[in-house]
Protein chains: 2
Amino acid sequence: MANEQEDRRIIRSKKLIKSAFIELINEKGFESLTVRDITKKADINRGTFYLHYEDKYDLLEQLENEMIDEMNRLVKEINPKEIADFRMQDEPLPFIVKILEYIGSNSLMKFLLGSKGHSSFQMKVKELMKTNVLLKRREEKMAIPIDYLMAYISSAHLGVIQHWLDGGQKEAPKDIAKILLEMSLFGPFSSAGFKER
Amino acid sequence: MANEQEDRRIIRSKKLIKSAFIELINEKGFESLTVRDITKKADINRGTFYLHYEDKYDLLEQLENEMIDEMNRLVKEINPKEIADFRMQDEPLPFIVKILEYIGSNSLMKFLLGSKGHSSFQMKVKELMKTNVLLKRREEKMAIPIDYLMAYISSAHLGVIQHWLDGGQKEAPKDIAKILLEMSLFGPFSSAGFKER
DNA sequence: TAAGATATTGAACAATATGTTGATTAATAA
DNA sequence: TTATTAATCAACATATTGTTCAATATCTTA
């Protein structure tokens with residue numbers, strides 16, 4: 001009976017490929033990296049690579065999607081109590097903390113979010129942040145289009161994360177989350193004068 | 001006597017190469033683009049390309065630097081009166097308007113800032129924005145590190161620009177500048193509680 | 001545990017891009 | 001006009017890519 005479960009050899013090969021890829025991307029970057037490099041480092045036949053991936057772009061995309069999935073999973077399993085604590089004041093946004101911890105512990109994420117990283121992946125991360133930012137209310141002046149507001153916030157947050165990474169993660173995720181929260185409270189997202197479009 | 005002025009043939013070749021490159025990058029993207037493609041489109045010998053550029057990465061970088069220089073030039077020639085008008089209220093930040101107009105009229109810029117664009121170029125643009133954002137004062141709560149503040153602002157602005165481009169430049173540069181200004185006024189950058197580091 | 005299924009290997013292949021060279025031709029500058 | 005130098009053309013070695021084949025190794029499951 002055909003099983004969804006993959007053959008152990010496949011799992012092994014993919015794991016070796018991914019590990020080699022992650023090691024190499026931090027050494028050579030993505031562009032100059034070849035399939036030969038990867039399979040040589042992984043110590044497998046080059047043909048095996050093409051058995052599982054179309055090319056290096058396909059491999060990168062699969063890894064990116066796995067990381068996005070993992071981040072979504074992390075966010076979903078946040079304890080409701082944590083969110084309550086946050087709303088009760090002074091606790092950093094638990095969503096941001098989880099994301100920061102994950103990013104900081106994942107070298108591929110760090111590379112892709114960096115200045116030599118991957119634009120389209122950065123977009124995916126921004127998208128993820130957009131759907132998870134908590135908006136607060138306020139009554140205010142001009143009606144800012146909600147989509148521009150979200151673009152503003154998510155980019156700002158990603159920018160702070162990049163700056164944090166560039167500086168070598170000197171601060172704890174919690175401290176960064178506090179900074180983001182602080183800026184949010186005085187920022188436009190604390191507004192309620194939104195304009196739906 | 002050796003003149004700094006370049007031979008007209010060199011100027012012509014470089015111009016043909018750049019034009020071909022800009023046309024092609026919007027069709028095929030940067031990665032799949034080859035030197036052959038470029039010289040074929042430019043209708044010059046492939047060897048001529050290597051006479052002026054190391055490879056396609058070198059070409060891209062030179063174009064990027066030229067655009068950054070041009071933006072700096074645009075910003076520098078802003079009339080002092082315009083800035084005064086801005087401070088007098090209700091005029092959008094002239095700096096932002098100039099930048100947006102330039103971006104909107106330059107297809108290479110639009111590509112590089114887009115989701116399939118070039119991370120490191122986006123960093124350069126952020127850097128440019130950092131050095132030109134006008135900070136306003138306020139007295140407030142927590143001391144936010146100035147570098148994080150700048151990272152926050154410049155990324156937010158770039159994110160708004162990207163969103164504007166993604167939407168097909170429906171709004172005029174002036175309107176986007178107004179949105180940015182509005183968000184700034186209620187944002188963290190209207191603060192003065194900075195912490196130098 | 002044995003048998004059948006299937007993933008991996010190694011070698012070879014054509015096709016393509018790269019970066020360089022040398023001789024020739026054409027355009028430019030003074 | 002003439003000396004300089006850029007552009008061209010052809011050719012080259014080198015490297016990567018993506019594919020195929022038969023042989024081998026490993027896994028699944030009955």
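Residues that satisfy the side chain to side chain contact (heavy atoms under 4.5 Å, CB included) test with Lys76(A), not counting sequence neighbours, are Asn72(A). Every residue two or more places apart in sequence or in another chain that forms a side chain to side chain contact (heavy atoms under 4.5 Å, CB included) with Lys28(B) is listed here: Ser32(B), Leu33(B), Asp37(B). Residues forming a side chain to side chain contact (heavy atoms under 4.5 Å, CB included) with Ser107(A) (at least two apart in sequence, or on another chain): Ile22(A), Asn26(A). When the side chain to side chain contact (heavy atoms under 4.5 Å, CB included) test is applied to Glu70(B), the partners found at least two apart in sequence or on another chain are Arg73(B), Leu74(B), Tyr102(B). Under the rule for a salt bridge (charged side-chain N to carboxylate O under 4.0 Å, His left out), Glu61(B) has no partner lying at least two apart in sequence or in another chain. Partners of Lys130(B) by salt bridge (charged side-chain N to carboxylate O under 4.0 Å, His left out), not counting sequence neighbours, listed by chain and number: Glu127(B).
Listed in residue order, the members of residues 55-65 of chain A having a heavy atom less than 4.0 Å from DNA chain C come to none. Taking every heavy atom of residues 18-32 of chain B and every atom of DNA chain D, no pair lies under 4.0 Å.
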Go through the steps to decide whether Asn65(B) and Lys124(B) satisfy the test side-chain contact (heavy atoms from CB on, under 4.5 Å), and finish with yes or no.
CA-CA 9 Å; Asn65(B) 290 338; Lys124(B) 290 181 201 165; 3.4 Å; yes
Show which side-chain atoms of residues 44-54 of chain B pair as donor or acceptor with protein atoms under 3.5 Å away, not counting sequence neighbours.
{"unit_1": "Asn45(B)", "atom_1": "OD1", "unit_2": "Gly47(B)", "atom_2": "N", "d": "2.8"}
{"unit_1": "Thr48(B)", "atom_1": "OG1", "unit_2": "Asn45(B)", "atom_2": "O", "d": "3.4"}

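Two residues are said to be in side-chain contact when any heavy atoms from C-beta on lie closer than 4.5 Å; Val125(A) and Ile99(A) fail this criterion. Within the 4.5 Å cutoff, the side chain of Leu16(A) has no heavy atoms near those of the Thr39(A) side chain.
Rounded to an integer number of Å, the gap from Tyr50(A) OH to dC13(C) C1' is 14 Å. Atom CZ in Phe49(B) sits about 9 Å away from atom P in dT18(C), given to the nearest Å. Summarising the geometry, the separation between CZ on Arg36(B) and P on dT16(C) is reported as 9 Å, rounded to the nearest angstrom. Remark: C1' of dG18(D) and CD1 of Ile38(A) are 14 Å apart, rounded to the nearest angstrom.
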Heavy-atom protein contacts under 4.0 Å, nucleotides 5-12 of chain C, coded B base, S sugar-phosphate only, - none
-BBBSB-B
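Surrounding CG of Asp69(A) are more than 12 heavy atoms belonging to other residues, nucleotides or ligands, all under 6.0 Å away.
The side chain to side chain donor-acceptor pair (under 3.5 Å) test with Ser119(A) singles out one residue from Gln162(B), Gln122(B), His118(B), Lys116(B), and that residue is Gln122(B).
Applying the ring-ring contact (aromatic ring centres under 6.0 Å, His included) test to pairs two or more places apart or on separate chains, those with a residue in residues 10-46 of chain A are Phe30(A)-Tyr57(A).
Nucleic acid contact for Arg8(B): sugar-phosphate only, since backbone atoms but no base atoms lie under 4.0 Å from a heavy atom of the residue.
With the end axes of the helix from dT1(C)-dA30(D) to dA30(C)-dT1(D) each set by five pairs, the angle from one to the other reads 40° at 10° resolution.
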